[in-house]
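Side chains included, hydrogens not; waters and symmetry mates left out as well; all remaining heavy atoms used. This is a predicted model, so every value here is computed, not measured. Proteins come first, then strands; the chains are lettered A, B, ... in the order of their sequence lines, and each starts at number 1.
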Number of protein chains: 2
Amino acid sequence: MRKENSTHHHNEKAITSNCPITSTMLAIGGRWKIIILWHLKTGSLRYNEIRKAIPNISEKMLIQQLKELMQSGWVDKKDYHEIPPRTEYSLTPLGASFIPILERIYEWGVENRITDLVRNMEG
Amino acid sequence: MRKENSTHHHNEKAITSNCPITSTMLAIGGRWKIIILWHLKTGSLRYNEIRKAIPNISEKMLIQQLKELMQSGWVDKKDYHEIPPRTEYSLTPLGASFIPILERIYEWGVENRITDLVRNMEG
DNA sequence: GGAAGTACACACAATTTGGTAAGTACACAT
DNA sequence: ATGTGTACTTACCAAATTGTGTGTACTTCC
């Protein structure tokens, strides 16, 4: 899955190994991770509820990003072992503790009209 | 440079067009951007000073990320038009206003030993 | 005259990330 | 028996990001 010897990977390690910021960014760095966290901040959601809340995401991507968020300890999963299947995802205390920071970024983005900036950059 | 019609690109736009958080993340989302901002927070630096401060970065990457940071208004450049060349990079007010958030992420990362978490994830 | 330092640019290759389309398993409803 | 809903998995391909290596222009130093 990863070429452990690539410069790419080596640089990633070098950067994150001592820097709390880049380590954090790495953990939430997928395209959909922050959006998932954002939707979970009000409580746990079933798999399909997340899907419907994030219309553009594909199943593969959703599962993948959820897995990565679980591996890094931001998200928890409860499997009810029922049929039809039922699973619920929620923030761990770690994940929840990061929400205030996301909220600050949100406010900062609004104050600085950052969405307009990005729109202009891309034409 | 970009395939404007790819689903990848389309999704990126859909995500960022209304969300201040993902827009912000897009702007600082390169591998080196945050590190560059972090080094500039104490004042302006010459091109080579940044290079030396970030040993692993290649010249192409440094220039590229600096350009993108300038385009999105986080970083300013002063060219002294001297020979040998002399340029200085510094944070714009926008860039500077984001530093407190980076500092909060830094503190959060330290409190949660996030670098250890990432280290464990990667073996 | 050759080497070194500055701040880049460009062609190209390696890697990683993201997206599509299809398939699995099981139960219940029609 | 065919379809629907849930929560996934897998193989494959497209696209984006990142890295390598070389070259430029100009001056000063040895």
- Message: How many whole angstroms separate atom CD of A:E68 from atom C1' of C:dT16?
- Response: 12 Å
- Task: Please check if any side-chain donor atom of B:Y47 sits under 3.5 Å from a side-chain acceptor atom of B:E59, or the reverse.
- Result: yes
- Item | B:N56 CG to A:I15 CD1 distance, which is reported to the nearest 0.5 Å | 7.0 Å
- Distance check: side-chain N/O of A:N11 vs OP1/OP2 of D:dT18, anything under 4.0 Å? no
- Whole angstrom is fine here: how far is it from NE2 in A:H10 over to C1' in C:dT15? 16 Å
- Item | Interface with DNA chain D, restricted to residues 73-89 of chain B and to heavy atoms under 4.0 Å | B:I83
- Name every residue in residues 50-66 of chain B that has at least one heavy atom under 4.0 Å from any atom of DNA chain C, in order of residue number, or write none if there are no such residues. B:K52, B:E59, B:K60, B:I63
- NZ/NE/NH1/NH2 to OD/OE distance under 4.0 Å, B:K77 and B:E88: no
- Task: Could you tell me whether the side chain of B:N11 reaches within less than 4.5 Å of the side chain of A:R31, counting heavy atoms only?
- Result: yes
- CE-CD1 distance between A:M25 and B:I34, expressed to the nearest 0.5 angstrom: 3.5 Å
- Would you give the length of the straight line joining atom OG1 of B:T22 to atom CH2 of A:W32, rounded to the nearest 0.5 angstrom? 9.5 Å
- CG of A:N112 to CD of A:E107, rounded to nearest 0.5 Å, is 11.5 Å
- Task: Test A:W108 against B:S97 for side-chain hydrogen bond (donor to acceptor under 3.5 Å, both in side chains), laying out the working first.
- Result: CA-CA 9 Å; A:W108 183 92; B:S97 73; 3.0 Å; yes
- Item | Flag, side chain of A:T92 to backbone of A:W74, donor-acceptor distance under 3.5 Å | yes
- Query: Do A:R86 and A:H81 have side-chain atoms, one donor and one acceptor, less than 3.5 Å apart?
  - Reply: no
- Message: In this structure, how many angstroms lie between the P atom of C:dT17 and the NE2 atom of A:H9, rounded?
- Response: 10 Å
- Task: Might you point out which heavy atoms bring A:L37 and A:I99 nearest each other, and give the distance in Å?
- Result: O-CD1, 4.0 Å
- Message: So, does A:T7 get its side chain near the phosphate of D:dT18, meaning an N or O under 4.0 Å from OP1 or OP2?
- Response: no
- Message: Counting only heavy atoms and a strict 4.0 angstrom limit, can you tell me which residues of residues 31-49 of chain B come near DNA chain D?
- Response: B:R31, B:W32
